[in-house]
Amino acid sequence: MSATFIGMPGSFPKNAEKAVQNSQLRFNLRKATHTIRGKRASVVGELPDWQELRAAGKAIKDHTLRNLDRYLIQMEEAVTRAGGTVHWARDAAEANRIVAGLVKATGETEVVKVKSMATQEINLNDALAAEGITAYETDLAELIVQLGDDFPSHILVPAIHRNRSEIREIFLDKMPKVPENLTDDPPALAEAARLHLRERFLKSKVAISGANFMVAETGTLVVLESEGNGRMCLTLPRTLISVVGIEKLLPSWRDLEVFLQLLPRSSTGERMNPYTSMWTGAVEGQDFHLVLLDNGRTDVLADEVGRQALRCIRCSACLNVCPVYERAGGHAYGSVYPGPIGAILTPQLRGMGSDLDASLPYASSLCGACYEVCPVAIDIPEVLVDLRAKAPHAAAERAGMKVAGWIFNDHKRLAKAQRAATKLRKLVPKRLPGPLSAWTDTRDIPEIPDESFRDWWERTRRSERSE
Amino acid sequence: MRVALFITCVNDTLFPGTGKAVVSLLRRLGCDVDFPAAQTCCGQMHVNTGYRAEGVRLARHFTEVFAGYDAVVAPSGSCAAMVREQYPKLARPGSKGAAAIAEVAPKVYELSEFLIDVLKVEDVGAYFPHRVTYHPTCHSLRGLHLGDRPTRLLQHVRGLELVPLPGAEECCGFGGTFAVKNPAVSAAMGADKTRSILDTGAEVLCAADNSCLMHIGGTLSRQKTGVRTMHLAEILASTEEVQ
Ligand code: SF4
């Protein structure tokens, strides 16, 4: 997966440590995530059948994933019948090549984009730039990230890490024709972006989108959004290219009923999103291409525990409740998928070859809040623990765990170790050495007691018996 | 009823007072309790850190030690959740191990579950004249779904003033080896948790897991706040005689 963040140095703990020290960032994140968390909880609470809906969402996705080959072919046939063209892309490079080729064939050098995780994942914008094609993001937050030469840090709100004075700076700096007296008032910023984008919409002949869902039965693609910019991209240009991960499939039109309830409530905390656009094949005067993206997904599908990550509908509810995300921020995850879902999806898509990817399964306290809110019931803690078993382990840690396992394997050994600890307790320093210093940097360690419970029990039992 | 205590390795080694409190509480309520000496550790640290094979071995040991009992009581939501929720995922379906787990796991109770669901008592006759706030640790809350069982027990303690903890359901940042592997995030979470605790004006922070209390208590103690941490069992075991 992805070039976007590749080469991002460090590991999750190191990246997070830097983020934690940034108090402005922590304040922004806390405020934003707690607001949306509250909204989600209240609109989800309105539905008495939420748990049934959630179970239905999970079941539909699981059924589709089990029969993915069949439904993908059905999708291809339906799109082709409706006048569209389907392309299959094994990985990011192939997808980028296909899209660049399609754009070049139109003779255009500029494209507008609908906010899409899949194109971020394959780093399409850079690949197009290398071919002399400029891609313009039209989602407000994506635009801020793009103009700021920055990485997204949240699935739904990619610029969550920016406050409005920073956004004003970015606009003044990078947006052509921006009014010089621009304030950092949100309506003023939105208006500036609107004027900037309107020109793009009217000029552009090619648009690139992703999709929230694809319906195999009818060959329909579905995009849910809040701003309406996506709809402008989907309808105005001559050529529409949609890059969609193969897991976005649903078997039938009726299945949408479940997801059109689950997604807006989980993501923006709204009963219904303002804009839902659906399109099937090519309309009069428009060319339509669908690029079906694998990029590691079939490998994830092959993993019995990990495959549940493919149920994800990218609502970002898990990010907004995650205490680790709230403090570490999205960039620490080094991927377009941050937060709990990123911690399980990224190492599966990319493998655990780098320090960063190997540290992601540990970027969680396993508190379980993500599993509780996930609208398709992905047991994120379960996948994290499973990935930890597959992650590379440092030699020192492996040795320590082996010794601990050996001691725990026999209660007599455990009792001996406890007595030794009691004897040596005077030697235990207030600041522990090595990796354990991480504990004593901010926390005191408990006293080692005179006697373990088991020795107390043995001693008092003996005296009871002799009474 | 043959009730076995699973004291857990952390309590056994570092917090024996909690184990003693469980013994005196359950005896006071008329239970005949046993401590099977061969017990060691549920294996949670190994499994959750990625050492599955060692964890599986410890799970096998656990099911052997506790096979013959009618109920197993553990003063730890986290370890009880490990046995009940995670053990079934460790064994191959249809294997001997899976059968042993299916036999033992449902009989494992966290202390407050055992008191309320099995013994059917809410007033355990305790006396503890202090201002207390309760932190429902993650595995108690979302793993075992203990709900209000612990606070119902605390509400019946004479003299005790229970004050609600703001943001109670948020993780304290312990997370086992997480505390050492991601120290910056863990400490930031711990700092926010201690701030909420101080806001309540409580003298004592209570929870049903000593490992989380060790992390929060270590933070409170480093900050010299004067707030004590106590395991639920210790408060429930307190009576006028031992005050
Ligand atoms: S894992 Fe679940 S909660 Fe997180 S983004 Fe995906 S669907 Fe939403």
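These numbers come from a predicted model, not from an experiment. Heavy atoms only: backbone and side chains are in, while hydrogens, waters and symmetry mates are out. Throughout, a chain's letter reflects where its sequence line sits, starting with A, and its residues are numbered from 1.
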*asked:* Using heavy-atom distances under 4.5 Å, tell me whether A:Q21 contacts chain B through its side chain, its backbone, both, or neither.
replied: neither
*Pick one: which of B:H46, B:R52, B:M45 meets side chain to side chain contact (heavy atoms under 4.5 Å, CB included) with B:T49?*
B:M45
*Part of A:E372 lying under 4.5 Å from any heavy atom of chain B*: side chain
*asked:* Quick check on the interface: out of B:R57, B:K181, B:E170, who has the most heavy-atom pairs with chain A under 4.5 Å?
replied: B:K181
*So what's closer than 4.5 Å to chain B heavy atoms on A:L366: side chain, backbone, both or neither?*
both
*asked:* Looking only at the side chains, is there a donor atom on one of A:H154 and A:N320 sitting less than 3.5 Å from an acceptor on the other?
replied: yes
*Check whether A:K402 gets within reach of chain B through its side chain, its backbone, both or neither, counting any heavy atom under 4.5 Å.*
both
*Relative to chain B, which segment of A:A404 carries a heavy atom at a distance below 4.5 Å: side chain, backbone, both, or neither?*
both
*Can you say whether B:E169 sits under 4.5 Å from chain A via the side chain, the backbone, both, or neither, judging by heavy atoms?*
neither
*Quick one: are A:R443 and B:F174 in side-chain contact, heavy atoms under 4.5 Å?*
no
*Side chain from CB out, backbone as N, CA, C, O: work out which of these in A:A391 comes under 4.5 Å of a heavy atom of chain B, or both, or neither.*
neither
*So what's closer than 4.5 Å to chain B heavy atoms on A:V20: side chain, backbone, both or neither?*
side chain
*By a 4.5 Å heavy-atom criterion (distance strictly below it), what part of B:I7 contacts chain A: side chain, backbone, both, or neither?*
side chain
*Non-hydrogen atoms of chain B under 4.5 Å away: do they reach the side chain of A:S364, the backbone, both or neither?*
backbone
*Would you mind checking which part of B:D34 comes under 4.5 Å of any heavy atom in chain A, side chain (CB onward), backbone (N, CA, C, O), both or neither?*
both
*Between A:R425 and A:D450, does at least one N-O distance fall below 4.0 Å, as a salt bridge requires?*
yes
*When you look at B:H231 and B:V22, which way does the side chain to side chain contact (heavy atoms under 4.5 Å, CB included) test go after all the steps?*
CA-CA 10 Å; B:H231 192 281; B:V22 175; 5.8 Å; no
*Largest heavy-atom contact set with chain A, pairs under 4.5 Å, which of B:A179, B:C172, B:A187*: B:A179
*Out of curiosity, A:R454 CZ to A:H411 NE2, how far, rounded to the nearest 0.5 Å?*
6.5 Å
*Pick whichever of B:T137, B:T40, B:N11 has the most heavy-atom pairs under 4.5 Å with chain A.*
B:T40
_From A:S266 atom OG to A:W50 atom CH2, the distance as rounded to the nearest 0.5 Å_ = 3.5 Å
*Measure B:V23 against the heavy atoms of chain A and call it side chain, backbone, both or neither at under 4.5 Å.*
side chain
*Counting only heavy atoms closer than 4.5 Å, note whether A:D441 contacts chain B via side chain, backbone, both or neither.*
backbone
*What part of A:R26 lies closer than 4.5 angstrom to a heavy atom of chain B: side chain, backbone, both or neither?*
side chain
*Could you tell me whether A:E326 and A:R37 make a salt bridge, using a distance below 4.0 angstrom between a side-chain N and a carboxylate O?*
yes
